[in-house]
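Comments concern the structure below.
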Number of protein chains: 2
Amino acid sequence: MARMVAERSDAIASLAEVFREHGYEGASLALIGKATGLGKGSLYHFFPKGKEEMVRAVLAEIDQWFEDSVYSPLREGTDANAAVTSMLDETTKYFRSGRRVCLVGALAVANTRDLFAQAIRGYFIAWVDALQSALVRQGRDVEQARLLSEDAVLAIQGAIVLSRALDDPAVFERAIGQLHKRLGVEANGIVVPATARPEGSITPFR
Amino acid sequence: MARMVAERSDAIASLAEVFREHGYEGASLALIGKATGLGKGSLYHFFPKGKEEMVRAVLAEIDQWFEDSVYSPLREGTDANAAVTSMLDETTKYFRSGRRVCLVGALAVANTRDLFAQAIRGYFIAWVDALQSALVRQGRDVEQARLLSEDAVLAIQGAIVLSRALDDPAVFERAIGQLHKRLGVEANGIVVPATARPEGSITPFR
DNA sequence: CGCATAGTGTACCAATCAGTAAAGTATTTA
DNA sequence: TAAATACTTTACTGATTGGTACACTATGCG
């Protein structure tokens, strides 16, 4: 196996960044070449089917990262509550408090949705399912856990949109703060009923 | 003033649709021409600065629609609680339960963000501010109203992303359902001060 | 060494891109 | 009706698009 300078896998991080920043249509081969430092020849050597294959490779890597860093701990962590907290922290780091776009979310909104529909769907289903599993292990009702996890994943996506729109990472961080409250064990209605929660405990910020 | 067949304003609805479906970069002049039924000559006659001006016109119209149908009732409605409910219903209709993308949200995530930063920011700030105003008139604490309204707007954006990703409008509708609960007066155990209470409009405490 | 394979650089392609120019047609206004 | 204005059509840019072809170099292996 001949190894010159680059490996296929080395390019994927750069590819991810360029697709995040410019979208599928906006990321031209010129831009991609600049971002990866690879010429067209190399790019088509590594990804014979062009941009589509590049995006698929990026999606696969993203999926792997989330599987290892988020879904798996959520599903299998012994301390479900700690796993939830860890998810929120990892997510904040990963999306850089909303400064970094979620490629999967961006693709879901673009008209390229159909091309990657399966991968997009898989990403979000895995996330919601894993989170639900942790919430159930916290002692919650299955139905409520479903609703809550769907709501949490959706809030993270929305937080990215809004914090970018307002150009304010604090928006993202406040949203994560809300989720910490909503997903924590003390909010599951067993320890402290939501209706009995003192007003001051809702706003820990600023 | 010579009027042939089309007016500038007639094109805007089609323009909005084509930008929603294909994004700023993805909406080529060929596509735009097909969607509006206008040739390049006419398009550049109405929008001398090209795509950028078209998007600005669309954003202005969107802003106007939200101002009239959402923000203004939220700010000035006598029944704050009814205004909130109406906002959620109008929003569901407008975004067609997540089947229709929010152009402003999509632009906020794309790399074209900087071009339209001011309009994007204005749209979301107006929304959050108007909602906060209604929540305060419901009798809520200003700080909590701020958090809640930010959270609600962000949830709507996230609901669009997730429901599209899962290709399931029910996801959007569930999210709106959650918001109905969170934003209703009966939630959070708030006690509406007599001064802020519109006569006879309070839903009895659950 | 020498050959196969892996990876690269460059020139090229047809198609499409946003945008321009200008001649032509409709419509209003005077 | 005639001139002015509003709009449309068509043809045309030069640049860029994604993608191909192929000669080229580097590297690993026997």
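The basis for the numbers below is simple: all heavy atoms, side chains too, and nothing from hydrogens, waters or symmetry mates.
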Requested in this report: Can you spot which of L179(B), T92(B), L74(B) makes a side-chain contact (heavy atoms from CB on, under 4.5 Å) with M87(B)?
Outcome: L74(B)
Query raised in the report: At under 4.0 Å between heavy atoms, what does G50(A) touch on the DNA or RNA strands: base, sugar-phosphate, or nothing?
Result: sugar-phosphate
**Report entry** Side-chain-base donor-acceptor pair under 3.5 Å for K40(A) and dG9(C)
**Finding:** no
**Report entry** Nearest listed nucleotide, side chain of S42(B), among dG7(C), dT9(D), dT17(D)
**Finding:** dT9(D)
Report task. Take the protein atom CD of E25(A) and the nucleotide atom P of dT16(D), then report the distance between them rounded to whole Å. Result -> 19 Å
Query raised in the report: What's the OH-P distance between Y24(B) and dA18(C), to the nearest Å?
Result: 9 Å
Report task. Find the distance K49(B):NZ to dT20(C):P and express it as a whole number of Å. Result -> 12 Å
Query raised in the report: Does a donor on one side chain sit under 3.5 Å from an acceptor on the other, for E173(B) and S97(B)?
Result: yes
Query raised in the report: Between dT8(D) atom P and I32(B) atom CD1, what is the distance in whole Å?
Result: 16 Å
Query raised in the report: Can you tell me if the side-chain N/O atoms of S28(A) get under 4.0 Å from OP1 or OP2 in dT16(D)?
Result: no
Report task. Could you check how far CG of L31(B) sits from P of dA18(C), rounded to whole Å? Result -> 9 Å
Query raised in the report: Out of dG19(D), dC17(C), dC7(D), which has the shortest distance to the side chain of L29(A)?
Result: dG19(D)
Query raised in the report: Among side-chain atoms of Q138(A) and N81(A), is any donor-acceptor pair under 3.5 angstrom?
Result: yes
Query raised in the report: With a distance cut-off below 6.0 Å to the six-membered ring centre and an angular limit of 45° from the axis, does R100(B) pair with Y94(B) as a cation-pi contact?
Result: yes
Query raised in the report: Whole Å only: how far is the CZ atom of F19(A) from the C1' atom of dG18(D)?
Result: 12 Å
Query raised in the report: Does a side-chain heavy-atom distance below 4.5 Å link E150(A) with R146(A)?
Result: yes
Query raised in the report: Would you say the side chain of K51(B) and the base of dA18(C) hold a donor-acceptor pair, judged only by whether the two atoms sit under 3.5 Å apart?
Result: no
Report summary line: Rounded to whole Å, the CG-P distance (L43(B) to dT20(C)) equals 13 Å
Report summary line: Rounded to whole Å, CD of E7(B) lies from P of dT27(C) at a distance of 13 Å
Query - Given dC7(D), dG18(D), dA6(C), the nucleotide with the shortest approach to the side chain of H45(B) - result: dC7(D)
